[in-house]
Amino acid sequence: MTNREKLPASRLLPLICIIVLSLTACRAKELRNSTLKKDSYTVGVVTKSSTSEYWMTVQRGMEAAAEELEMDLIFLSPDSETNEEAQVKMVRTLLKRNVDVIAVSPIDSYEKPEYYDMAREKGIPIVSYDTGFSGLEVPYIGIDNEQAGRKLAQYLAEEMNHEGEVGIVSGSLKQMSHRQRLEGFLAYMDTEPKIRVAFTESGYSNLRMTEKKVRKIRREYPLVQGIMATSAVTAIGITESIPKDQVKIVSIDIQEDAIDAVRDGTIAALIAQSGYEIGCQTIQYIHKILTGNAENSDQILDAELLTEQNIETYKDRSPQE
């Protein structure tokens, strides 16, 4: 057949149909891929550590919400809450993988991380959970930590008949959550003229105070009747070195050993910071961001004061914990 010869209509029509069907199939494949990209999101999550029950509970909450919303999660965790360098590298790794959103609980709240500008350049939103950033436009999901400190101070003051000495054992003050808990506690105690804050020890972020250190504090401050620890892990360590009838211990976080300690009176009061709830709410808020239904604002969660009187009621309402 020469270039000038024409195909008969009987042969030309099937060929045209094949071409049209091929183009239609390609277009349908493109549409399916486009839909998949819009409906399937990957969130990069960086915690402070993976070595405590609290952080494992946060992860379970995130996984439950992500499964319901059909989202993928990538978890990275430093070996401890003091390894800031490792945490920064983990966020940078997730940015290189071009995840849709980064969720981070910063080890240092007060220094602008280098990955902040990198994320903005890439158009990847950052949210914080459990602990916020100071001075950055990053939404925060978690409890009101200053108010939590005030609640614990008020409880101790009432238990001590508004007089005596108290002490504070805080996590790293580079983390906004611990600093705000301490500041809230001190602010309330300033309204109690007959209560003196005898000591403040910091640097215990999800870490236990050694028995030797607890004994040293007891020798130096024998009149202390109450201690506020800014994390339950630290509080549990203190209770193991001090008989419960000598000093009232109050703290923050929900985990099984802390709940048991409230049940038997070893911990006098606990602010119910639910890691599971923070995890769930963080992923739900991120989904709203990705679907254009969220405002760039903090999400403050409820935090109930738990004692022997209401701990069982709380547990009945929170079976996932």
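Computed over heavy atoms, backbone and side chain alike; hydrogens, waters and symmetry mates excluded.
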* Do the side chains of Trp55 and Thr51 get nearer than 4.5 Å, heavy atoms only? -> no
* **Side chain proximity check, Arg120 to Glu137, heavy atoms < 4.5 angstrom** => yes
* Flag the pair Glu256 and Lys315 as a salt bridge only when some basic side-chain nitrogen lies within less than 4.0 angstrom of an acidic carboxylate oxygen. => yes
* To do: List in chain and number order the residues that pass ring pair (Phe, Tyr, Trp, His ring centres under 6.0 Å) with Phe199, two or more places apart in sequence or in another chain; answer none if no residue qualifies.
  => Tyr221
* To do: Can you establish whether the number of heavy atoms outside Glu158 located under 6.0 Å from its atom CD is more than 12?
  => yes
* Linking Ile, Leu, Val, Met, Phe, Trp and Tyr through side-chain heavy atoms less than 4.5 Å apart, which residues share a cluster with Phe133? -> Val46, Ile74, Leu76, Val88, Met90, Val91, Leu94, Leu95, Val99, Ile102, Val104, Tyr115, Tyr116, Met118, Ile124, Ile126, Leu136, Val138
* Counterpart residues, salt bridge (Lys or Arg N to Asp or Glu O under 4.0 Å), relative to Lys122 (two or more places apart) -> none
* Answer whether the closest heavy-atom distance between the side chains of Leu270 and Ile254 falls below 4.5 Å. => yes
* So, Glu111 and Lys174, do they make that salt bridge, N to O below 4.0 Å? -> no
* Neighbour count >12 (heavy atoms, 6.0 Å) for atom CD, Gln246 -> yes
* Tyr188 side chain near Leu152 side chain, heavy-atom distance below 4.5 Å -> no
* Interatomic spacing from CZ in Arg150 to CD1 in Ile271 - rounded to 0.5 Å -> 13.0 Å
* Short side-chain to backbone donor-acceptor contact, Asp253 and Ser231, under 3.5 Å -> no
* **For Val233, the rest of its hydrophobic cluster, which grows through side-chain links under 4.5 angstrom** => none
* **Over 12 foreign heavy atoms within 6.0 Å of CD, Glu220** => yes
* Report the distance from atom OG1 of Thr47 to atom CG of Asp130, rounding to the nearest 0.5 Å. => 9.5 Å
* Applying salt bridge (Lys or Arg N to Asp or Glu O under 4.0 Å), name anything that partners Glu240, two or more places apart in sequence or on another chain. => Arg208
* Asked: If Ile, Leu, Val, Met, Phe, Trp and Tyr residues are connected whenever their side-chain heavy atoms lie under 4.5 Å apart, and connections chain through other members, are Met176 and Ile252 in the same group?
  -> no
* Asked: Within the distance-only criterion (no hydrogens, no angle test), does the side chain of Asn293 pair as donor or acceptor with the backbone N or O of His287 below 3.5 angstrom?
  -> no
* Tell me, yes or no, whether the heavy-atom count around Arg263 atom CZ, taken from other residues, nucleotides or ligands under 6.0 Å, exceeds 12. => yes
* Rounded to the nearest 0.5 Å, how far apart are CD of Gln59 and CG of Leu73? -> 8.5 Å
* Atom CD of Glu312 with >12 non-hydrogen neighbours under 6.0 angstrom -> yes
* Using a cut-off of 6.0 Å, state whether more than 12 heavy atoms not belonging to Asp117 lie near its atom CG. => yes
* Among Asn145, Thr131, Leu173, side chain to side chain contact (heavy atoms under 4.5 Å, CB included) partner for Gln180 -> Asn145
* Rounded to the nearest 0.5 Å, how far does CD of Gln147 lie from NZ of Lys151? -> 6.0 Å
* Structure fact -> Residue pairs passing the ring pair (Phe, Tyr, Trp, His ring centres under 6.0 Å) test with at least one member in residues 58-111, sequence neighbours excluded, are none
* Are a donor atom and an acceptor atom from the side chains of His178 and Thr230 found within less than 3.5 Å of each other? -> yes
